[in-house]
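Labels below follow one simple rule: chain letters A, B, ... track the order of the sequence lines, proteins then strands, and each chain is numbered from 1.
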Amino acid sequence: MAQLFFFYLAGIIVLTSILVVALRNPVYSALSLLIMFFHVAGLYVTLHAEFVAAVQIIVYAGAILVLYLFVVMLLNLHREDRYHAQFPVAALLGMTILTEVALLLLQRRSDAVTPAAPPAAAPAATAIGNTEAIGEVLYSTYVFPFEVASLILLVAMIGAIILAKRDLFEQKG
Amino acid sequence: MAVPISYYVILSALVFITGMVGVLIRRNIIIILLSVELMLNATNINFVAFSNYFHNVAGQVFVFFALTVAAAEVAVGLAIIIALYRSKSSINVDEFHLMKW
């Protein structure tokens, strides 16, 4: 049953991510990315990461993708784009990683030994919820990266306003 | 019953390849940024899969940070796109070669 869910979600994720790159119209690409985000959130739920799944839907599908769609509609694009001339580089790099994936699959097929037994489940992790567990780790061990993340968001906000505003410095002089 | 960890790694690698090829072969800057989102999501899948495998919440915390960086990147990237469109009225990457050697 878990495998069935995984193969459904993985199939849709791979299909929609290929569609994001292959479709001509940017709006269709963004909507295809939306479907991919929802299925990635479903994958997180099957991995017992419910908080991350909710954040994925709220932030990625709710905020980031809406921002993309706003810009696509703001720019009013005429579609004329062909593919870029860097195709050989892309094919080379893609083939390299695809070969690694194929090797991983073949290696898994050949020796039936599982690579490493997962460590025993911490009993405390199941006793409290996923969100509580993340919150405890986030505000104790990772409190400094958390503050740095808030600083990154502040800098991004100021930078976006300065870059997108047309006459920021011309009003003074 | 349980899905082996290698399946998640393979799925993540496939999504990452798709994003990387998209960055390299598309000319529309918006599609390039969407492909960067694909690559970030591929790493997030890996983080959550290994977080579940090792029963350690730290992986999900890092997904949280990756999400923050993605949001910041989108805000600045789209602002740059708007500024570029204002100066050239195009978002084809081939037309921007001012800082290229």
(Q) Less than 4.5 Å apart, side chain to side chain, heavy atoms only: is that true for A:L163 and B:I82? (A) no

**Q.** Sub-4.5 Å side-chain heavy-atom contact between A:N130 and B:V57
**A.** no

Q) Given side chains that start at C-beta, do those of A:V21 and B:L38 come closer than 4.5 Å, heavy atoms only? A) yes

**Q.** Part of A:A63 lying under 4.5 Å from any heavy atom of chain B
**A.** neither

**Q.** When B:V63, B:V9, B:L34 are compared by non-hydrogen pairs under 4.5 Å with chain A, the top option
**A.** B:L34

Q) Just by distance, with hydrogens left out, do A:Q56 and B:N44 show a side-chain donor and acceptor under 3.5 Å apart? A) no

Q. Are the side chains of B:T18 and A:V20 in touch, meaning some heavy atoms are under 4.5 Å apart?
A. no

Q) Checking heavy atoms, do the side chain of A:V89, its backbone, both or neither come under 4.5 Å from chain B? A) both

Q) Would a 4.5 Å heavy-atom cut-off, applied to side chains only, mark B:N41 and A:Y60 as touching? A) yes

Q: Measure distances from A:I18 to the heavy atoms of chain B and classify the residue's part below 4.5 Å as side chain, backbone, both or neither.
A: both

**Q.** Rounded distance (nearest 0.5 Å) linking atom CD1 of B:I45 with atom CG of A:L47
**A.** 9.0 Å

(Q) How long is the straight-line distance from CG of A:L74 back to CD1 of B:I81, given to the nearest 0.5 Å? (A) 11.0 Å

Q.
Does any backbone or side-chain atom of A:F5 lie under 4.5 Å from a heavy atom of chain B? Answer side chain, backbone, both or neither.
A. neither

Q) With only heavy atoms counted, which part of A:L98 is less than 4.5 Å from chain B, the side chain, the backbone, both or neither? A) both

(Q) Just verifying a value: how many Å separate B:I30 CD1 and A:L75 CG, rounded to the nearest 0.5 Å? (A) 5.0 Å

Q.
Is the shortest side-chain heavy-atom distance between A:R24 and B:N28 below 4.5 Å?
A. no

Q | From B:S51 atom OG to A:I134 atom CD1, the distance as rounded to the nearest 0.5 Å | A | 7.5 Å

(Q) Would you say CZ of A:F7 has more than 12 non-hydrogen atoms from neighbouring residues, nucleotides or ligands within 6.0 angstrom? (A) yes

Q: Measure the CZ-CZ distance between A:F51 and B:F64 for me, rounded to the nearest 0.5 Å.
A: 5.0 Å

Q) Is any side-chain heavy atom of B:M20 less than 4.5 Å from a side-chain heavy atom of A:I97? A) yes

Q: Check for a donor-acceptor pair, side chain of A:Y68 on one end and backbone N or O of B:L33 on the other, with a separation under 3.5 Å.
A: yes

Q.
Please identify, among A:V148, A:V40, A:T96, A:L4, the residue contributing the most non-hydrogen atom pairs under 4.5 Å to chain B.
A. A:V40

Q: Identify which part of A:M157 has an atom lying under 4.5 Å from any heavy atom of chain B, answering side chain, backbone, both or neither.
A: neither

Q) Should the pair B:Y8 and A:F6 be assigned to parallel (<30°), tilted (30 to 60°) or perpendicular (>60°) ring geometry? A) perpendicular

Q | Sub-4.5 Å side-chain heavy-atom contact between A:V137 and B:Q60 | A | no

Q) For chain A, which of B:G19, B:A83, B:A42, B:A70 has the most heavy-atom pairs under 4.5 Å? A) B:A70

**Q.** Centroid-centroid under 6.0 Å between B:F62 and A:Y142 rings
**A.** yes

Q) When heavy-atom pairs shorter than 4.5 Å are enumerated against chain B, which of A:L67, A:I152, A:V14 gives the highest number? A) A:L67

